[in-house]
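Down below is the structure, laid out as structure tokens.
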Amino acid sequence: MSQRRKILVVLKGYPRLSETFIAQELRGLEKAGFDLTLISMRRPTDKKRHPVHDEIRARVVYLPEYLHEEPLRVLKGMMASFRKAGITALWKRFFKDLSRDLSRNRFRRLGQAMVLAREWPDNGEWLHAHFIHTPASVTEYTSILTGVPWTCSAHAKDIWTSPDWELHEKLGSARWTVTCTRSGYEHMRTLTPRKEAVHLSYHGLDLARFGHFGGKRSQRDGSDPADPTFILSVGRAVEKKGYETLLKALALLPGDLNWRFEHIGGGDNLSKLKVLAADLNLADRITWKGALAQEDVLDHYRRADVFALACRIASNGDRDGLPNVLVEASSQRLPCISTSVSGVPELLVDGENGMVVPPDNPAAFAVALEKMIRHPALRSRLGDAAEKRVREHFDHEASIDQLGRLFEDEWQKAS
């Protein structure tokens, strides 16, 4: 085994409740012996933390979120950059990017890269970006300036909302890039001649945290007003999660069905969703829980009867990859209903281990919901099959092993 190098991992924000898949990957790499320092472009805004965040040993360094907030730090970074061998190449690349993206954001990423290159925490020997949009911009600029190689993990929004020219540049510059869905993998491979440098790597689930649930599932069938069927969803209230579709589907359910719905998560559209729920006369059946810690989410998976997530492609092209909450719910034998967007069909096969309907179709979603509510035996069959698929194909240890081999291969080449 080649000598392992200190990796500086550039993140958009840390810690984040909505990005447990990143946290579990960081913890997995640490357990595998990798030495990490986390570089966050933003300070945390979530009031809660998941247990996995407390298990990660890596030091966290926060870059200036906005350049004007720490002008001395930025000025020192800029002055130091002129003494680095890569400054000419960096300016050339920056102005090329700026001609295609004239924005304050572009200057912010340059300033953050200069700060990182000057301060260079813990004698970093490798750069790795999580997300191929803004974190990769900071990472790539830093790599050009310092000569330190970089790699990237791409996910969902970052792929589908980035222009093709930018993905092409970054895929050509990074030593390799991994992504977590086949749709993202195939899209990126069309944008680079270096197809061998793009890899598919499912995040998977830390099955030690989501152990087998051996408890009994309820036999609720929507017939008892005193014991309604429990429908659960976990996700941020943002356009791509499709909560408007889900609420409209709930409103289409027959009047003789008794159900209740709980939502876990924050998000900018939460207030609008509450207004929509009231307009649809659903407010008395819905509980909005807000953001919860992972152990509380797990408890809800184990008590719910149906998991629902109406994924869609947002107006700006943003979409989910493979939502980790679907993998989590499936691991607990909780049957899921979702849509045929992006990586969802890579986990759920309609009628085999879940139900999959077209996106933006409340009527189709309502049909699936009614079927799940009325038939506990169907829920049991689908839930058992869902857990089996997760435990056979979505163990995050496989992803950690794959990432580890990719890093090791690069270091062996270098040595």
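- Annotation: the span from L378 atom CG to M372 atom CE amounts to 6.0 Å, rounded to 0.5 Å.
- Note that the CD atom of E69 and the CG atom of L67 stand 9.0 Å from one another [nearest 0.5 Å].
- A salt bridge does not link D268 to R236: none of the charged side-chain nitrogens sits closer than 4.0 Å to a carboxylate oxygen.
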For Y14 and H53, what are the C-alpha separation, side-chain angles and deciding distance, and is it a ring pair (Phe, Tyr, Trp, His ring centres under 6.0 Å)? CA-CA 9 Å; Y14 182 86; H53 291 129; 5.5 Å; yes

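- Listed for the D158 side chain is a donor-acceptor partner under 3.5 Å among the backbone atoms of I132.
- Between the side chains of K289 and H300, a donor-acceptor pair is found at a separation under 3.5 Å.
- Ion pairing of D206 with R209 is present here, as a side-chain N (NZ or NE/NH1/NH2) and a carboxylate O approach within less than 4.0 Å.
- Considering all non-hydrogen atoms of both residues, G242 and R312 come closest at CA-CD, 3.7 Å.
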Worked verdict on K170 versus S137 for side chain to side chain donor-acceptor pair (under 3.5 Å): CA-CA 8 Å; K170 290 173 177 173; S137 293; 2.9 Å; yes

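- Residues F213 and E387 approach most closely at N-OE2, 4.4 Å, considering heavy atoms.
- Using modelled atom types, no side-chain atom of K413 and backbone atom of E408 make a donor-acceptor pair closer than 3.5 Å.
- Side chains of W126 and T151: a donor-acceptor N/O pair is present below 3.5 angstrom, by distance only.
- Checking side-chain atoms of E55 against main-chain N and O of R27 turns up no donor-acceptor pair under 3.5 Å.
- Under the 3.5 Å distance criterion, with hydrogens and angles disregarded, a donor-acceptor pair is assigned to the side chains of D305 and S218.
- Within the 3.5 Å criterion, the main-chain N or O of W288 finds no donor-acceptor partner in the side chain of E262.
- Heavy atoms of other residues, nucleotides or ligands lying less than 6.0 angstrom from NZ of K388 number 12 at most.
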Between D97 and R93, is a salt bridge (Lys or Arg N to Asp or Glu O under 4.0 Å) present by the stated rule, with each step listed? CA-CA 6 Å; D97 289 348; R93 175 59 190 277; 3.0 Å; yes

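- Distance CD/E166 to CG/L191: 12.0 Å, rounded to 0.5 Å.
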Intermediate values then yes/no, side chain to side chain contact (heavy atoms under 4.5 Å, CB included), L17 and L292: CA-CA 8 Å; L17 283 174; L292 295 180; over 6 Å; no

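- Here the two rings, on F21 and H155, have centers that are under 6.0 Å apart.
- Cation-pi contact between R43 and Y62: present, with separation from the ring centre below 6.0 Å and deviation from the ring axis of at most 45°.
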Before giving the answer on side chain to side chain contact (heavy atoms under 4.5 Å, CB included), spell out for R303 and L232 the whole-Å C-alpha distance, their side-chain angles and the decisive distance to 0.1 Å. CA-CA 9 Å; R303 291 189 291 106; L232 174 68; over 6 Å; no

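- At a threshold of 4.0 Å, the pair K248-E244 does not count as salt-bridged, since none of the basic side-chain nitrogens sits closer than that to a carboxylate oxygen.
- Residues R73 and E119 are paired through a salt bridge, judged by an N-O separation under 4.0 Å between the basic side chain and the carboxylate.
- The two residues S40 and K12 have their closest heavy-atom pair at OG-O, 4.1 Å.
- At least one side-chain heavy atom of L63 sits less than 4.5 Å from a side-chain heavy atom of L116.
- No option in R106, R109, R108 other than R106 meets the salt bridge (charged side-chain N to carboxylate O under 4.0 Å, His left out) test with D101.
- For the pair R319 and W160, the distance from NZ or CZ to the six-membered ring centre is under 6.0 Å and the angle to the ring normal is within 45 degrees.
- Nearest approach of V306 to L334, heavy atoms of both residues: N-CD1, 3.6 Å.
- Of the N and O atoms on the side chains of T37 and K6, at least one donor lies less than 3.5 Å from an acceptor on the other residue.
- H199 and Q402 are not linked by any side-chain donor-acceptor pair at a separation below 3.5 angstrom, with hydrogens and angles left out of the test.
- Minimum interatomic distance between R59 and P121 (heavy atoms only, all atoms of both residues): NH2-CB, 3.5 Å.
- Not one N or O on the side chain of Y202 forms a donor-acceptor pair closer than 3.5 Å with the backbone of H393.
- Looking at heavy atoms from C-beta onward, H128 lies in side-chain contact with S153 at the 4.5 angstrom threshold.
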Determine, step by step, whether V9 and I39 satisfy the side chain to side chain contact (heavy atoms under 4.5 Å, CB included) criterion, reporting the C-alpha distance in whole Å, the side-chain angles of both residues, the deciding distance to 0.1 Å, and the verdict. CA-CA 6 Å; V9 183; I39 311 297; over 6 Å; no

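- With a 6.0 Å cutoff to the six-membered ring centre and a 45° limit on the axis angle, R175 does not count as a cation-pi contact of W150.
- Taken to the nearest 0.5 Å, the OG1 atom of T245 stands 8.5 Å off from the CG atom of N361.
- V10 pairs with exactly one of H130, M41, Q112, E140 by the side chain to side chain contact (heavy atoms under 4.5 Å, CB included) rule, that one being M41.
- Smallest separation of non-hydrogen atoms from C180 and L200: C-CD1, 4.0 Å.
- Rounding to the nearest 0.5 angstrom, the gap separating the CG atom in L38 from the CG atom in L26 is 5.5 Å.
- Of the possible donor and acceptor atoms, one in the side chain of S81 sits under 3.5 Å from a partner among the backbone N and O of M78.
- Atom CZ of R16 is separated from atom NE2 of H50 by 12.5 Å, given to the nearest 0.5 angstrom.
- Counted by atom type alone, N316 and T161 present zero donor-acceptor pairs between their side chains at under 3.5 Å.
- Looking at heavy atoms from C-beta onward, H212 lies in side-chain contact with R333 at the 4.5 angstrom threshold.
- Salt-bridge formation is not detected for the pair E239/K272: no Lys NZ or Arg NE/NH1/NH2 atom is positioned less than 4.0 Å from an Asp or Glu carboxylate oxygen.
- Between the S233 side chain and the A308 main chain, a donor and an acceptor come within less than 3.5 Å of each other.
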Please evaluate residues H187 and D164 with respect to the criterion side chain to side chain contact (heavy atoms under 4.5 Å, CB included), reporting the C-alpha separation (whole Å), side-chain torsions for both, the decisive distance (0.1 Å), and the verdict. CA-CA 10 Å; H187 176 64; D164 287 353; 3.8 Å; yes

